[in-house]
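In what follows, every chain begins at residue 1, and chains take the letters A, B, ... in the order their sequences are listed. Side chains included, hydrogens not; waters and symmetry mates left out as well; all remaining heavy atoms used.
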Amino acid sequence: MNLNLYNTLSGKVEPLTLEAGKPLGIYACGPTVYDYGHIGNFRTFLQVDVLRRTLKLFGVPLRHVMNITDVDDKIIRNATALNLPIGEYTARFEKAFFEDLDALHVQRPEVIARATEHIDQMVKLIERLAAQGAAYQAEDGSWYFRLAAFPAYGKLSKKDLSGMVDGARVDVDEYEKDSARDFALWKAAKPGETSWQTAIGRGRPGWHIECSAMAMEYLGESFDLHAGGEDLTFPHHENEIAQSECATHKTFARHWMHVRFLLVEGRKMSKSEGNFFTLRDLLLKGYKASAIRFALVSVPYGNQMNFTFDGLVEATAAIERLRNFHARLVAAKLEPGATALKAAAGHAETAFRAALANDLNTAEARAPIFELVRQANTALDKGEVLAGDRDAILETLLFFDSVFDVMEDRDAEATRHAIEWAHSAGRADEIAPALLAGLSISDEEVEKLVAERTAAKKMRNFARADQIRIELAEKGILIEDSKDGVRWKRK
RNA sequence: GGCGCGGUACCCAAGUGGUAAGGGAGAGGUCUGCAAAACCUUUAUGCGUCGGUUCGAUUCCGACCCGCGCCUCCA
């Protein structure tokens, strides 16, 4: 199946085309590792994860590159304040970033590229630009890209530069640029700052050049798809296009995907609004990683999403519904054969794939899955499900989960990590009491009490049975009796 | 100011020129020792407002109101 994806460059939904024999090349802008990631960051990474999982579902071989920006102004400032080498500072946050991605089940890209490990490639690219007069060095030793060298500038963000006057809203006094809109390719070393000695002088790379250089290094001078948050459209991606296409005279990325920002409780997320949350904040409040993933992924990437705590509660309930159904289906004792349900499962899968193919419409993709769950539950109630139906339904769920990845309950691990981190980071007071209650009882102890309750029930000692259930409920353990046995789970 | 996006039930959220997916929540019911889970019924003659085009608009066009984003380094 072909994926139709909105292309910022053309302003239209277009099929993502493959070059014969080559894996699809994707470059997705990664984090600047200067702090813990917030949910806005993760919305973008999660939506790119949906993209890569959808392509894999469609059988498309991938080469997905993500950069790590591990040198920039904020990093230097923060590391200096802590009196740390920047490498030590960034390593800490890079590690945290990948822990967070793991908690959210974001798959690793094929290539992870650190800016500081590609200085050479950046310098060569700047030299290439300089050779044709598109880059120049200012008196302080910094290098700039000459916007005048690239007339197509603005084609991605649809900006008309002729209306923009130098100096109007631009800081012109800091460096000696030919035009205020020229952007930095290379920043001359300042005393005490991290820098590299290179053929173009001592200094450090500008932000935009790293993505151009690393994308070309791993995907070639022209590649399939470039993705990132919507804020990057301008100036970051526009600048990448300018410097790359100026250097190579080739189309840089053919397709551009931008993930829209989220709002938190209806407002732009900001520290001053008090609605700024890292993943860790949410885990410590007791929200499950799977619920956060499901909530962040369920609104299509092209739509602004409103992230709310009610939404997390809802996502938790929706996932429960799926997991309950899955467990019920697997445990059911079924006769061989198949009914119309088998075909229904196939239709649900077709609708699921079609929704994703339609510009990654995750909201639309969920619907047929939930519909199938209801149909199958109804049939299970009536005892009408046969083994062949189950096989087909489980297969559909597998495809669904290959993209959404919320069926298997691996939440306790992410929560436990967050709690350990809170202790080490001096934030133990932020851990929700309910989480601590849940930790106070092991699986073995739960099993023992559940067995005792089952025995008590058998002897019609309902008082004791209820007492155990209440006791467990206080620790966040839910017990469910069914014809096929007793099941328990952590809330 | 320039460019762009959106306003769908109690909440979240798809969608379509021909009469409103899905999830959550609420209410009633079935099942159950009690629960939980599950199922059934129910909750928008209505899709920001006002006009227009059309046999017919929530869907197209216009105006207005409201919210949001980008406009030099925030995903």
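Between A/T378 and B/rC40, a side-chain N or O to OP1/OP2 separation shorter than 4.0 Å is present.
Here the C1' atom of nucleotide B/rC70 and the CZ atom of A/F234 are 9 Å apart, to the nearest Å.
The base of B/rG69 lies outside donor-acceptor range of the side chain of A/E230, with no N or O pair under 3.5 Å. In this model, a side-chain donor or acceptor of A/R469 finds a partner on the base of B/rC34 within 3.5 Å. Looking at A/D231, its side chain has no donor and acceptor atom pair within 3.5 Å of the base of B/rG69. Judged by distance alone, with hydrogens and angles left aside, A/D381 brings no side-chain donor or acceptor close enough to the base of B/rC40 to form a pair under 3.5 Å.
Nucleotides B/rA63 and B/rA9, compared at atom P, are 25 Å apart to the nearest Å. B/rG48 and B/rC65 are spaced 8 Å apart, taking the C1' atom of each and rounding to whole Å.
Summary of the strand contacts: A/I479 and A/V313 both lie near RNA chain B, and taking for each the nucleotide with the nearest heavy atom, the more 5' one is attributed to A/V313. Mapping A/A367 and A/T32 onto RNA chain B by nearest heavy atom places A/A367 closer to the 5' end of the strand.
The listed nucleotides are B/rG24, B/rC73, B/rA75; the one nearest the side chain of A/W207 is B/rC73. Closest to the A/N41 side chain, of the nucleotides B/rA14, B/rC74, B/rG2, is B/rC74. For A/F261, counting side-chain heavy atoms from C-beta on, the closest listed nucleotide (B/rC34, B/rC74, B/rA38) is B/rC74.
Taking the six-membered ring where the residue is Trp, A/W207 and A/H236 present parallel rings, their angle staying beneath 30° rather than reaching 60°.
To the nearest 0.5 Å, atoms OH (A/Y301) and CG (A/L46) are separated by 15.5 Å.
Put simply, A/F370 does not rest on the base of B/rG22: the two rings are not both less than 5.5 Å apart at their centres and under 30° in tilt.
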